[in-house]
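What follows is a short report on a single structure.
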Amino acid sequence: MRENLHRFFRAARGVGVHVSPAESIDAMRAVAQVGISDRAVLRDALLLTLAKSKDEKLALGDCFDLFFSQPEPRQDQAEATDDDASQDMDQSPASSSASEPGEGQPPEGLGPLAQMLLSQDRNAIAAAIASASGAASLSEIRYSTQRGIFSSRILDAMGLQRLRDDLDQLTATNPALAERLRAALDALREAVRDTVAQGLALYAREEAENLRNEILRNAPLARIERRQVAEMRALIRQIARRLRERYSKPRKRQRRGHLDVRRTLRRNAAWGGVPFLTAWKRKHRDRPKIVALCDVSGSVAQVSDFFLLLIHSLHEVVDDVRSFAFSSHLIEVSDILEAKSPEEAMAEIMSKVGFGSSDYGSSLVDFEKDFMSALTPQTTVIVLGDARSNNLEPRADILRRISERSKRLVWLNPEGRLAWGFGDSEMPRYATFCSVVRQCATAQQLERAVSDIVATYQ
Amino acid sequence: MADQKASTSIEAVESGLAAQGYIASRQIATAVYLSQQIEKPILVEGPAGVGKTELAKAIAAWRGMKMIRLQCYEGLDEAKALYEWKYAKQLLYTQILKDKLGEVLGGAQTLHAALAQLHDFGDVFFSKEFVEPRPLLQALEQPGGCVLLIDEIDKSDAEFESLLLEILSDFQVTIPELGTVSAITPPTVILTSNSERDLGDALKRRCLHLHIGFPEQRLEERIVESRVPGISQALRRQMVGFIHEIRSLDLKKLPSVSETIDWARVLVLLQAAELDTDIVKDTLNVLLKYEADIEAASPQVTSFIAKAARSNVFG
């Protein structure tokens, strides 16, 4: 059972339940208490110790049901009916057929597998498949292409080689029996195939999902294929959720810090220094103030989708965010982002200012004209864009004034460093006024960038 | 464990809790049983009013132990949850010490000798006598063990969770000036959460995770039966069926078990023999706590009663 539990932990990790060694020890202790005879109680115990949320409980419950439903090896129909009941369930595979009388008595000199198949002992066959799966380390299966290899490994472990010899021999001596054996072998192959398929469903999910997420995480946002967009959205939303969990609650540090000795003494001078009134040092922390400028022009259209999604999540994390979107002119989009769901908000913003050709200069002019007062010495300004201004006047002087008025100016550029400054890219001119300039082309970079920005206020 | 009433089997837990009027599902009983056996706290999550806090009370009543409750809220800190120094007493102590200083230092002639004598003098300034124990420390100090209920942990700050970690894993706390205080008898710890905030992994890892949702129809009927004895079986079945229909609506706040019990009491009080549209509409405010929810549910009342009656016939 120990071995079985360990395999179950692996399967649990496969469905996304985090099982650390400490948790697996807890689960083992719990199982030792409740025993394994009652499936329902075992299920409860494992769910209690391993799953840490409602979703995990659901996933783990399904996983448990799948894991403990062994596929029954298929039987030869004609034979199954008449000697099923007489089987002794606990007999070991080797001895079960030897002690079996009846008309199907296999001749002496056959290998154990052949005897087992002919004796139709379903339990013995299931047990043999299970132990052969262990020997072939089925829990190592990762990809669907490995199905064939694992099937043949399991069959080999069960003694397929010997069975083939037996078959050859029987075909010559006892064709009818050989025919039966062949049919039983086909059924066995099918059962093994089912076992492997189940193993794949249990153990491979983790790898497949991790791999896919890993690839997506590092894939350039601009080059995401259409079919991946939905997955990417889900991933970004996951990132946003993580950021929110980490930063959303305005963490009230203990407002009362250390005793302020000087102030305490001063306040209590009237009582001869006996401290009736205490004074405490308070910790002072900045409230995050963020102004985000997001380029939604044609050249970055696909990336700006994700940028907007992330800004949307920023609105949930930080109280004081003002967002602006621009291509050739700039508008404030804070209200839209705050009031609507990400999809609706993005559609509305794109219909208002999106897809135009970008003009950084005039957009900066718009910003300076109407919104310069939004900037305070506590503000972090984030610009999301490729800095390609179609050879129009970049107005870097406005960016300098923005930088001077704010705490930090962060520029996130979806293009690689190599491209900066070539063609109509004004990145080097803008970069001189930025506190931080980062490439931000993948989901992972996006997460790091935003996380850093929010973290500076914590 | 020393406790002779310690849960010996899952069934014993179930009947023990039932004797206190708490009808536990198998999952709940298993969780309580396991928490005794492997000495782990239970983190109970679920919607409001499904009996999370009641569970702690029932365990305490069943096992005849004291229940110590710590209600969490934003800004809860060490001083309110764990221990505080008795400042006033400490001040008095320094005053007394000042007066007695002459005696203590007695015949010391030189500064050096006085210092040496001061060293030998036992200091009680930071000692057990000056510690004011708060719920968590109190729970550890109960000689016969107790049930420690840490209610609505999700309302507290993230920092507070870290404060709990030592208690939850080792049943001890470390007070810097005094050293480590270990539990005499490990308390049974129940934490409840409405999932308002996601709890830290470290905290979750130390607990058994129990999710109590809305009970199944049969279970809820049994709960009503045990809490509101005067109600007829037919009405009980009908009203629970009706509530299950209500829960399928998209409401701001779904009625939970505590509302079911309240409603059952109201129906008994009104001497209702069975549900009809009028009596339901009159008492809907017992079940639903928002005006908008009542408006949403009102048009459905008649069809829900009919449905509940129909399931009655087959169930």
Side-chain angles (χ1 to χ4, degrees), chain A residues 17-35 38 40-58 60-61 241-242 244-257 259 264 268 271-278 280 458, chain B residues 7-11 25-40 42-47 74-79 87-88 90-92 94-95 98 154-160 163 169 193 195-213:
Chain A
V17 177
H18 185 84
V19 183
S20 65
E23 267 145 0
S24 57
I25 291 170
D26 287 344
M28 302 276 239
R29 285 173 63 201
V31 171
Q33 289 297 332
V34 298
D38 189 337
V41 172
L42 178 65
R43 191 174 189 270
D44 285 346
L46 288 173
L47 254 56
L48 279 165
T49 42
L50 295 179
K52 300 294 172 204
S53 71
K54 208 176 154 191
D55 292 344
E56 285 190 359
K57 272 198 201 308
L58 279 177
L60 195 67
R241 202 182 60 223
R242 204 160 46 227
R244 192 160 60 231
E245 272 163 22
R246 213 176 314 154
Y247 301 115
S248 66
K249 205 157 189 217
R251 296 196 198 175
K252 279 195 192 145
R253 286 283 148 98
Q254 285 170 323
R255 265 166 295 171
R256 207 173 71 171
L259 184 73
T264 304
N268 292 293
W271 298 284
V274 179
F276 282 115
L277 299 173
T278 49
W280 301 88
Q458 291 289 317
Chain B
S7 25
T8 47
S9 73
I10 296 171
E11 291 74 31
S25 67
R26 201 192 59 228
Q27 277 97 337
I28 297 176
T30 310
V32 174
Y33 171 72
L34 277 179
S35 89
Q36 299 298 332
Q37 296 299 320
I38 61 177
E39 292 192 358
K40 263 179 154 283
I42 309 177
L43 171 64
V44 194
E45 286 193 299
E74 217 174 293
L76 177 67
D77 61 3
E78 218 173 11
Y87 292 117
Q90 282 179 330
L91 275 180
L92 269 173
T94 47
Q95 292 295 321
K98 223 159 123 189
D154 53 328
K155 297 257 165 51
S156 70
D157 307 310
E159 289 89 348
F160 182 72
L163 189 72
S169 58
S193 156
S195 318
E196 204 159 277
R197 157 174 84 80
D198 272 336
L199 301 170
D201 287 342
L203 181 84
K204 286 189 166 179
R205 225 214 51 63
R206 281 166 174 79
C207 305
L208 298 175
H209 186 275
L210 174 65
H211 185 272
I212 306 185

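By convention in this document, chain letters (A, B, ...) are assigned in the order of the sequence lines, proteins followed by strands, and residues within each chain are numbered from 1. Keep in mind that the numbers below use all heavy atoms, side chains included, and drop hydrogens, waters and symmetry copies.
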Within this structure, what is the [atom1]-[atom2] distance for the pair [X] and [Y], rounded to the nearest 0.5 Å?
X        : Y        : atom1 : atom2 : result
A:Leu47  : B:His209 : CG    : NE2   : 10.5 Å
B:Thr30  : A:Leu46  : OG1   : CG    : 11.0 Å
B:His211 : A:Leu48  : NE2   : CG    : 12.5 Å

Original post:
Quick one: what part of A:Lys52 sits under 4.5 Å from any heavy atom of chain B, side chain, backbone, both or neither?
Top reply: both

**OP:** Let me know if A:Ala51 has heavy atoms under 4.5 Å from chain B in its side chain, its backbone, both or neither.
**Re:** backbone

**OP:** Could you check which of B:Ile42, B:Ile10, B:Leu34 has the highest count of heavy-atom pairs closer than 4.5 Å to chain A?
**Re:** B:Leu34

Subject >> Which residues share a salt bridge (charged side-chain N to carboxylate O under 4.0 Å, His left out) with B:Arg206, sequence neighbours left out >> reply: none

Subject >> B:Lys204 side-chain N/O to A:Ser53 backbone N/O, donor-acceptor pair under 3.5 Å >> reply: no

**OP:** Decide if atom CG of A:Asp38 counts as having more than 12 heavy atoms of other residues, nucleotides or ligands within a radius under 6.0 Å.
**Re:** yes

Subject >> Side chain, backbone, both or neither of B:Leu43 within contact of chain A (heavy atoms, under 4.5 Å) >> reply: neither

**OP:** Please flag which part of B:Leu208 lies under 4.5 Å from any non-hydrogen atom of chain A: side chain, backbone, both or neither.
**Re:** both

Contacts under 3.5 angstrom, residues 25-32 of chain A side chains, donor-acceptor by atom type, not counting sequence neighbours:
| from | atom 1 | to | atom 2 | distance (Å) |
| --- | --- | --- | --- | --- |
| A:Asp26 | OD2 | B:Lys40 | NZ | 2.8 |
| A:Arg29 | NH2 | B:Ile38 | O | 3.0 |

